[in-house]
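Report on one structure; see the data block that follows.
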Protein chains: 2
Amino acid sequence: MEGPHPGPAPPSPPAPAVAATLQDVARLAGVSAKTVARALNGEPNVRDATRERVARAAAALRFRPNRLARELRQGARTGAVGLVIGGLENPFYSHLAAGVERALRAEDLELVIASTDDDPERERAVVQTMLERRVRALLVVPVAEDHRYLEGERSAGTPLVFVDRPPTGLAADVVLWDNRTGVRQAVDALVAAGHRRIAVIADRIANFTARERLAAFREAARAHGLGLEPRLLVVDVHDVPAARATALRLLAAPEPPTAFFGLNNRITVGVVAALLTTGGAQAVVGFDDFDLAEALGTTVVANDPAAMGGRAGRLALARLAAGPGLPEQVLLPATLVRRGSGERGPAAAAPSRAAAALA
Amino acid sequence: MEGPHPGPAPPSPPAPAVAATLQDVARLAGVSAKTVARALNGEPNVRDATRERVARAAAALRFRPNRLARELRQGARTGAVGLVIGGLENPFYSHLAAGVERALRAEDLELVIASTDDDPERERAVVQTMLERRVRALLVVPVAEDHRYLEGERSAGTPLVFVDRPPTGLAADVVLWDNRTGVRQAVDALVAAGHRRIAVIADRIANFTARERLAAFREAARAHGLGLEPRLLVVDVHDVPAARATALRLLAAPEPPTAFFGLNNRITVGVVAALLTTGGAQAVVGFDDFDLAEALGTTVVANDPAAMGGRAGRLALARLAAGPGLPEQVLLPATLVRRGSGERGPAAAAPSRAAAALA
DNA sequence: CTGAAAGCGCTTACAG
DNA sequence: CTGAAAGCGCTTACAG
């Protein structure tokens, strides 16, 4: 923008072996440290000439302020927010993280991410490390079964937001899906389309999400007078290959299901993969959206992980700005959406287009 | 593990309004700060009785050491590594980040992530912030067109690793795909299957990756004596909907392509979506793997972003341990893989199974 | 085995 | 408009 575009690389000033400090700049500019701080931080009460001299000295030394030092002085809190998730391989979590990151940009806060791999021990370890780093706020998709270990932190005022699943034994902010409504709509649609033998596949049942969605399914099924065949309820299915294998097994058994309900995106993708392979004409409904849902005509409960992350991030920022208050529970919509061109009947009933074609 | 499992929540000790410091612990334990540090950090030369007294005092005060202070004293560098990527919504980047995170665990380093949205200005801004935070090492998927702004940092010894694309105007470590081999294999397979009218869709052409892959395609096409129809080479296609729209447009034109080559995962998914919608029988080959590639029988150049992230992370750790050396260029394999059951002929030639069925 | 003093690189709270 | 002193919460480098 300013200055001529450099032709051949200008002879770079001899790089200091070690980073220059504000004191170095002060010495070179012939002023005090305080004046350097004023000049560089855009504070008032600096003569233009002084300001310029400082700027030149800083540039010559390639001065880069040390945020650790600044933040230590300003209250021993870092300018980063911590996010603890299951793992970035799962698009649910990565989209969630993307939403959080975007929310933090508004306040120029950084994002520290750690994965738990759904291991409660790791959750405690990474949370501990983040708290030692004094993150400004902490967002957690919890896996531990007891969060009383965070009570001290909560009462100390660190904004603590739980995401996707509530904490146990701790009153804190939490952002959740309206799982019950999503599940009920899915079951309603399947039943309306005539399905009675619905296979339900869930993730690790130790987690709140799987339990709540499964409970909601049981309730909805009961309401519709469906018998619950235990063999059609499979839990602890955590990744795409496992879900695919589960679906294949169910399809190969006598009296296979006429429909599948995948309780998260990894599971639904696995089920779809199985149906594409076998050419089965079973209906599929999935919780969470996924890449090819629309093209494959798969009906999904279309929650939006990025929106959830954004909501959680903004909640943390609000706490930061306004101080703690009564813990809040935010319920985000998760409603059934028919993906695809819509030229066919009720999605839940219609076999996915590709699967039908393959039959 | 130790102590009885708590029944009703034990009366929690009155939480301190503000975090306890090491000095507070020292006062309560009746020892000096140095002794507290020794006891809590597991250093030798502390009597067992003292160690225990300190531990009790720390527990009573819920003492949590402040890493900012520790790290400031220990050289003003944080225990985190910075990762700058395009955006977490893209599975390529999120898998890359997952690989980096896993590599860092070995050294108990944390991970700070920032997205550029492929904006050079943002790259500079987030890199600047990370350097001010004094990250131990910096991993960057670059978008800027000039990286001389990092020369000072490089010569100061901060491990700097570029990922997926090389830096410009700066000698630094870089981890890349063997794009040429991957592209050549893809074109070879398509030509061997009889394709002459191959549509190629690329991401933002300002980026190295798109340029290199497109150049490799041109070269391979020339080697096979294929004419290059400009209308079949589409660039600056950045997301799934755009890729889908592009494919639909090409299919609707006179003399549509008989095959598509998607130069990254977002594009390939969009092309597959288009073919699933239209029922087209065109062949598809994609750069980068994607979720349903196997089930859909799509042939892909199967690179592994998590492996790339892991390699880049380990390279940074090695620099950290051994100090700088000559910049290294790591070329990771990216080779054609036939996804799917393999019961059909050369993948590249065969229309994807679902697409065929839909025809 | 233990402690007093100094310092990491900034900002705060004053004083002029 | 400018600066000297103290301090954030730890660890380093000594001394005993």
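Here is the naming used below: chain letters follow the sequence lines, and residue numbers restart at 1 for every chain.
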Completion exercise
salt bridge (charged side-chain N to carboxylate O under 4.0 Å, His left out) pairs touching residues 21-32 of chain A, sequence neighbours excluded, are A:Asp24-A:Arg27
Problem - Any B:Val36 side-chain heavy atom under 4.5 Å of B:Val31 side chain - result: yes
Problem - Spacing of CG belonging to B:Asn90 relative to CG belonging to B:Asp118, to within rounding of 0.5 Å - result: 9.0 Å
Exercise for the section: Please list, by residue number, the residues of residues 37-52 of chain B whose heavy atoms come closer than 4.0 Å to an atom of DNA chain D; answer none if no residue qualifies. Expected result: B:Ala37, B:Asn41
Problem - Sidechain N-carboxylate O distance under 4.0 Å for B:Arg62, A:Glu151 - result: no
Handout entry: Option passing side chain to side chain contact (heavy atoms under 4.5 Å, CB included) with A:Val127 (candidates A:Arg124, A:Glu123, A:Met130)
Key = A:Glu123
Restricting to nitrogen or oxygen on both sides, can you table the protein-nucleotides 5-9 of chain D pairs closer than 3.5 Å?
residue	atom	partner	partner atom	Å
D:dG7	N2	A:Arg73	NE	2.7
D:dG7	N3	A:Arg73	NE	3.0
D:dC8	O2	A:Arg73	N	3.4
D:dG9	N2	B:Ala69	O	3.3

Handout entry: Flag side-chain contact, heavy atom, 4.5 Å: B:Arg77 against B:Thr158
Key = yes
Practice task
Look at B:Glu107 together with B:Arg136 and state whether they make a salt bridge at an N to O cut-off of under 4.0 Å.
Solution key: no
Practice task
Check whether any side-chain nitrogen or oxygen of A:Thr35 sits under 4.0 Å from OP1 or OP2 of D:dG3, and answer yes or no.
Solution key: yes
Handout entry: Heavy-atom check, side chain of B:Ser115 versus side chain of B:Ile85, under 4.5 Å
Key = yes
Completion exercise
Under the rule of Watson-Crick or G-U wobble with both distances under 3.5 Å, where | means paired to another strand and [ ] a crossing pair, DNA chain D maps to |||.||||||||.|||
Completion exercise
Hits for ring pair (Phe, Tyr, Trp, His ring centres under 6.0 Å) against B:Tyr93, two or more places apart or cross-chain, chain-then-number order -> none
Problem - Between D:dC1 and C:dA13 - P atom distance, rounded Å - result: 22 Å
Handout entry: Interatomic distance where CZ belongs to B:Arg27 and P belongs to D:dC10 [whole Å]
Key = 12 Å
Handout entry: Qualifying salt bridge (charged side-chain N to carboxylate O under 4.0 Å, His left out) pairs with a residue from residues 41-50 of chain A, counting only residues at least two apart or across chains
Key = A:Lys34-A:Glu43
